[in-house]
Engineer: 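One structure, pasted below without further comment.
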Amino acid sequence: MTVGYAQHGAIAVLTVDNPPVNALSVAVRQGLIDGIRRAVGDPAITAIVLIGQGKTFIAGADIREFGKKPQPPRLTAAIAEIEASPKPVVAAIEGVALGGGLEVALGCHFRIGTKRSQVGLPEVKIGIVPGAGGIERLPRLIGLEPALKMMVSGDPARADKALALGILDAIAEGELLTEAVAFAERAVAAKTPIRRLSQSKIALDGVDWRALLATARAGIARSNRGQISPQRVIDCVENAITLPFDQALGETVRIIGELIPSEQAKALRYAFFAEREAGKVPDIDKTVAARKLRSAAVIGAGTMGGGIAMCFADAGIPVLVLENSAEALDKGLARIEQNYQDMVQKGRIRAEDKARRMGLIAKAAGYDDLGDVDIVIEAAFEEMAVKKEVFARLDQVCKPEAVVATNTSYLDIDEIAAATKRPESVIGLHFFSPANVMRLLEIVRGAKTAKDIVATAQALARMIGKVGVVCGVCHGFVANRSRGPLTREASFLVDEGALPQQVDKVLYDFGMAMGPFAVGDVAGIDVGWRARRALDATRPRDQRYSPTADRLYELGRYGQKTGKGWYRYEKGSRAALPDPEVEAVILQSSRDQGIARRTIGDDEILARCLYAAINEGAKILDEKIALRASDIDIMWLYGFAFPRWRGGPMYHADTVGLKRVYETVRGFHKTHGALWTPSPLLQRLAESGKSFTGI
Ligand code: 3H9
């Protein structure tokens with residue numbers, strides 16, 4: 001039975017039981033209708049409680065059913081049946097009521113939650129709109145402005161906020177079912193009037209709803225550039241305001257019907273499941289227990305080390321910070337404090353949050369202070385000799401069960417591990433800058449890393465709110481290695497005839513948050529210069545190399561920090577302005593390389609940048625450094641702000657068609673040589689008509 005039926009005195013209890021998250025499959029929809037009819041038809045029943053089995057009320061429609069032929073009954077029909085009940089219906093919300101789950105609860109006449117409840121309409125995040133009355137009912141319950149905010153962002157509200165907004169009528173202190181039954185009995189005894197939201201009006205007195213919607217549209221155009229669903233939510237909200245309930249709902253149903261099969265919704269559904277898949281490592285199941293993480297240490301108080309220390313403090317984990325000198329440590333802690341201060345000023349955290357978090361960050365006087373910590377993350381200088389020295393010291397002082405991690409972004413983890421007598425405890429934990437903001441945590445598993453250390457790293461990712469993706473060891477690992485060819489091609493394109501602003505615009509218009517040159521100015525042209533010098537010794541002599549960025553470095557143009565890089569920046573502004581001086585450097589560089597500049601079309605720019613990354617991604621997959629194509633996609637979504645509504649670069653390649661991608665790569669190989677050698681996997685898949693996500 002997906003919807004159980006029981007009687008508690010005169011109260012019927014319907015229990016949705018559809019693990020793992022009580023999604024509203026066809027059987028649940030039918031079960032709800034049957035249960036309501038049975039309770040309504042039974043004279044011994046005076047009221048109904050609707051509850052979910054386990055830790056969830058209902059997580060929404062079954063996303064796996066999307067794209068398949070819809071089967072009756074519709075969710076709107078089930079909700080209409082609930083709302084029409086002449087006997088009071090109380091939703092008892094444990095855990096989440098999301099999407100269709102909240103829509104079911106809004107069809108009920110009362111809602112009682114627990115401290116753990118979360119309610120929301122996240123449909124926009126999977127490229128659709130709330131399609132079962134949520135758009136029409138939520139503003140009627142809590143008012144237009146807060147409802148609009150929730151539906152457009154898709155972010156859930158926790159119990160206390162839901163109570164304040166009026167989504168919840170009460171929060172149970174004790175056992176939810178018992179209190180919900182008591183609530184229902186009281187409603188019957190007091191003859192509390194039943195409130196059917198579909199029959200009420202949206203309160204609009206004094207609300208300039210046109211201005212509100214216009215502001216929301218403009219905000220989304222910036223925050224969710226290129227994404228259709230939030231704009232469609234607002235279309236539906238406008239209908240909810242201007243049309244009668246049934247007519248507005250009819251329009252919403254039509255719109256969700258259009259959106260479900262759309263490319264964007266498919267990509268966003270793909271990303272939803274890819275994210276869940278990324279947490280799974282085939283040889284590490286639930287029987288592998290993670291180690292306890294109650295305290296941490298970070299080596300290095302630079303930008304990266306400081307950001308990592310903030311991650312721990314944000315999660316309530318005490319963290320020690322170790323630096324070479326007292327000055328460097330003081331400087332690092334001052335930067336952390338400033339970051340928190342900025343967050344307070346922007347209203348992101350309260351002053352007391354800042355104080356609590358700063359209180360969790362302490363200075364380590366030396367390596368001997370690290371003997372008790374559960375995890376150490378080294379974020380020292382990117383040089384193998386330095387890393388080896390640090391790890392040899394850590395080996396001497398850390399307790400045997402400690403996790404000993406490095407934040408290196410490209411060095412060989414196995415070589416670092418070999419500097420210790422405990423290579424099984426060593427792992428790569430690669431954060432992305434700014435470490436306290438970017439959500440990707442690349443978990444690099446060395447040849448000898450123990451399984452429970454990997455499981456602990458995954459648990460850490462969850463604790464600090466990151467998306468952990470496990471991969472193997474190679475130069476640059478998965479994220480940076482697959483992105484490297486994109487920046488490489490961007491530089492070549494500029495040498496051949498494009499300008500930075502043209503290349504950046506093409507990638508920005510594609511949906512990336514920034515183009516590669518704007519990113520270079522943020523990351524620092526001096527940083528790129530040092531990374532290239534580190535590779536000089538091993539770079540094949542006949543390999544094409546763009547010297548243009550080196551010319552900018554020689555001019556002291558280090559990027560935003562010097563007010564000049566690929567662009568120029570006015571004092572105090574981050575707006576990238578094209579600079580004739582850069583253009584002159586580029587033209588000279590082309591001449592020096594003997595390249596006759598040509599006009600380059602936007603299509604070529606996009607293909608060169610993206611397909612270079614995709615071809616490298618395919619090589620990484622073939623070498624089994626990444627477990628699956630979707631893991632590469634998740635890394636790009638969370639590490640490089642690739643537009644989620646395009647799924648990720650590998651998924652994007654599938655939508656283009658691998659045959660076409662392969663043919664284009666082959667063409668570039670002919671024109672541009674060895675750096676474009678097609679990946680054998682790409683070739684195999686293209687020739688057999690397969691896709692990355694199908695393997
Ligand atoms: C909707 O409701 C449309 C309506 O407006 C109108 C319709 C007409 N369907 O995340 P977890 C699976 S749209 C199918 O690891 P957690 C998930 O894939 C929907 N499957 O656990 C995973 O499977 P597996 C609006 C779903 O505790 C397993 O459940 N609702 C669904 O970290 C456990 O999930 C949403 O967008 C689903 N709806 O988080 C909510 N949800 O074990 C989406 C989950 O095989 N869901 N699964 O990998 C979530 O936000 C989180 O999953 C949730 C649990 C918070 C519920």
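In listed order, ligands and their atoms are each counted from 1.
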Engineer: Given Ala59, Ala97, Ala23, which has its nearest heavy atom closest to atom 35 (C) of ligand 1?
Structural biologist: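 It is Ala59 whose heavy atom sits nearest to atom 35 (C) of ligand 1.
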Engineer: Val444 versus Ile427: any side-chain heavy-atom pair under 4.5 Å?
Structural biologist: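 Val444 vs Ile427: side chains apart.
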Engineer: How far is atom 46 (N) of ligand 1 from the closest protein heavy atom, and which atom is that?
Structural biologist: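 Ranked first by proximity to atom 46 (N) of ligand 1 is Phe272 CZ, 3.5 Å.
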Engineer: Check each atom of ligand 1 against the heavy atoms of Ile126 and keep those under 4.0 Å away; list them by number with element.
Structural biologist: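 Near Ile126, the atoms of ligand 1 are 13 (S).
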Engineer: Flag the pair His430 / Asn407 as yes when at least one side-chain heavy-atom distance between them is below 4.5 Å, and no otherwise.
Structural biologist: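 His430 reaches Asn407 side chain to side chain.
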Engineer: For atom 45 (O) of ligand 1, which of Glu277, Arg276, Arg462, Arg64 has the closest heavy atom?
Structural biologist: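 Looking at heavy atoms only, Arg64 sits closest to atom 45 (O) of ligand 1.
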Engineer: Check Lys266 with Glu263, please: is the shortest side-chain N to carboxylate O separation under 4.0 Å?
Structural biologist: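 Answer for the salt bridge query: yes.
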Engineer: Give a yes-or-no answer on whether the side chains of Glu65 and Ser25 include a donor-acceptor pair shorter than 3.5 Å.
Structural biologist: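 There is no such pair (donor and acceptor under 3.5 Å, judged by atom type) between the side chains of Glu65 and Ser25.
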Engineer: For atom 19 (C) of ligand 1, state which one of Ser25, Pro130, Ala132, Ala61 supplies the nearest heavy atom.
Structural biologist: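 Looking at heavy atoms only, the winner is Ala61.
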Engineer: Is Pro122 in contact with ligand 1, taking contact as a heavy-atom separation below 4.0 Å?
Structural biologist: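 The answer is yes: ligand 1 sits under 4.0 Å from a heavy atom of Pro122.
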Engineer: Would you mind checking which non-hydrogen protein atom is closest to atom 47 (N) of ligand 1, with the distance to 0.1 Å?
Structural biologist: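 Answer, as residue, atom name and distance: Val21 CG2, 3.8 Å.
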Engineer: What part of Pro20, side chain from CB on, backbone N/CA/C/O, both or neither, has a heavy atom under 4.0 Å from ligand 1?
Structural biologist: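 Answer for Pro20: side chain.
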Engineer: Would you say Phe66 has any N or O atom under 3.5 Å from an N or O of ligand 1, going by distance alone?
Structural biologist: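 By distance alone, the answer is no.
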Engineer: Can you name the residues that form a side chain to side chain donor-acceptor pair (under 3.5 Å) with Arg225, not counting sequence neighbours?
Structural biologist: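 If we apply the side chain to side chain donor-acceptor pair (under 3.5 Å) test to Arg225, skipping adjacent residues, the hits are Tyr508.
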Engineer: Who's the nearest protein heavy-atom neighbour of atom 9 (N) of ligand 1, and how far?
Structural biologist: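 Checked against all protein heavy atoms, atom 9 (N) of ligand 1 sits closest to Ile63 N, 2.9 Å.
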Engineer: Give the atom numbers and elements of ligand 1 that come within less than 4.0 Å of a heavy atom of Glu103.
Structural biologist: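 Per the distance check, 4 (C), 5 (O), 6 (C).
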Engineer: Decide if the gap between the ring center of Phe110 and the ring center of Phe183 is smaller than 6.0 angstrom.
Structural biologist: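 Ring centroids of Phe110 and Phe183 are less than 6.0 Å from each other.
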Engineer: Can you find an N/O atom of Ile128 closer than 3.5 Å to an N/O atom of ligand 1?
Structural biologist: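 No, Ile128 has no N/O under 3.5 Å of an N/O on ligand 1.
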Engineer: Can you find a protein heavy atom under 4.0 Å from atom 37 (C) of ligand 1?
Structural biologist: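 Within 4.0 Å of atom 37 (C) of ligand 1, protein heavy atoms are found.
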Engineer: Any chance the side chains of Thr114 and Glu94 put a donor and an acceptor closer than 3.5 Å?
Structural biologist: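 Short answer, yes.
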Engineer: For Gly60, counting its heavy atoms only, list the atoms of ligand 1 lying under 4.0 Å from any of them.
Structural biologist: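 Ligand 1 atoms under the 4.0 Å threshold to Gly60: 2 (O).
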Engineer: State plainly whether the residues Glu83 and Arg195 are in salt-bridge range, i.e. N to O under 4.0 Å.
Structural biologist: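 Looking at Arg195 together with Glu83, the answer is no, because their closest N to O distance does not fall below 4.0 Å.
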Engineer: Out of Gly95, Gly100, Pro19, who is nearest to atom 2 (O) of ligand 1 when you count heavy atoms only?
Structural biologist: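 Nearest heavy atom to atom 2 (O) of ligand 1 lies in Gly100.
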Engineer: Taking the cut-offs as 6.0 angstrom to the six-membered ring centre and 45 degrees off its axis, would you call Arg276 and Phe272 a cation-pi pair?
Structural biologist: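 Positive - Arg276 is close enough to the ring of Phe272 and near enough to its axis.
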Engineer: Within a distance of under 4.0 Å, is there any protein heavy atom near atom 16 (P) of ligand 1?
Structural biologist: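 Protein heavy atom within 4.0 Å of atom 16 (P) of ligand 1: absent.
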Engineer: Of the choices Lys55, Glu123, Glu65, Lys125, which has the non-hydrogen atom that lies closest to atom 5 (O) of ligand 1?
Structural biologist: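 Considering heavy atoms of Lys55, Glu123, Glu65, Lys125, the nearest to atom 5 (O) of ligand 1 sits in Glu123.
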Engineer: Start with the C-alpha gap between Lys292 and Asp374, add the side-chain angles, then the distance that decides, and say whether salt bridge (Lys or Arg N to Asp or Glu O under 4.0 Å) holds.
Structural biologist: CA-CA 7 Å; Lys292 291 265 180 299; Asp374 296 325; over 6 Å; no
Engineer: Could you tell me whether some N/O pair between Leu75 and ligand 1 is separated by less than 3.5 angstrom?
Structural biologist: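 No, since none of the N or O atoms of Leu75 sits under 3.5 Å from an N or O of ligand 1.
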Engineer: Would you say atom 24 (P) of ligand 1 has a protein heavy atom nearer than 4.0 Å?
Structural biologist: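 Yes, there is one.
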Engineer: Do Ile48 and Ser85 come close enough that some side-chain heavy atom pair is under 4.5 Å?
Structural biologist: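 Ile48 reaches Ser85 side chain to side chain.
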Engineer: Counting only heavy atoms on the protein side, is anything nearer than 4.0 Å to atom 41 (N) of ligand 1?
Structural biologist: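 Yes, there is a protein heavy atom closer to it than 4.0 Å.
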Engineer: Which ligand 1 atoms does Lys280 reach within 4.0 Å, using its non-hydrogen atoms?
Structural biologist: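 That gives atoms 24 (P), 45 (O), 48 (O) of ligand 1.
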Engineer: Using the ring of Phe510 (Phe, Tyr or Trp, six-membered ring only), decide whether Arg646 places NZ or CZ under 6.0 Å from its centre and within 45 degrees of its axis.
Structural biologist: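 Yes, Arg646 and Phe510 form such a contact.
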Engineer: Any idea which atoms of ligand 1 are less than 4.0 Å away from a heavy-atom of Phe273?
Structural biologist: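 So the atoms of ligand 1 that pass are 18 (O).
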Engineer: With a 4.0 Å cut-off on heavy atoms, is Arg74 in contact with ligand 1?
Structural biologist: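 Contact absent.
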Engineer: Heavy atom to atom 55 (C) of ligand 1, shortest distance: which of Asp62, Leu98, Ile256 holds it?
Structural biologist: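 Selected option, by shortest heavy-atom distance: Leu98.
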Engineer: For a quick check under 3.5 Å, do Thr56 and Asn22 share a side-chain donor-acceptor pair by atom type?
Structural biologist: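 No donor-acceptor contact under 3.5 Å links the two side chains.
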Engineer: Suppose I only count heavy atoms of Gly99 and a 4.0 Å limit; which atoms of ligand 1 are within that range?
Structural biologist: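 In order of numbering, the contacting atoms are 2 (O), 25 (C).
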Engineer: With a 4.0 Å cut-off, would you call Asp235 and Arg217 a salt bridge?
Structural biologist: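 Yes, this pair counts.
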Engineer: Whether Glu81 and Arg37 form a salt bridge (side-chain N of Lys/Arg under 4.0 Å from carboxylate O of Asp/Glu) is what I want to check.
Structural biologist: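 Salt bridge: yes.
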Engineer: Using a heavy-atom cut-off of under 4.0 Å, does the side chain or the backbone of Thr76 touch ligand 1, or both, or neither?
Structural biologist: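 For Thr76, there is no contact with ligand 1 at all, from either part.
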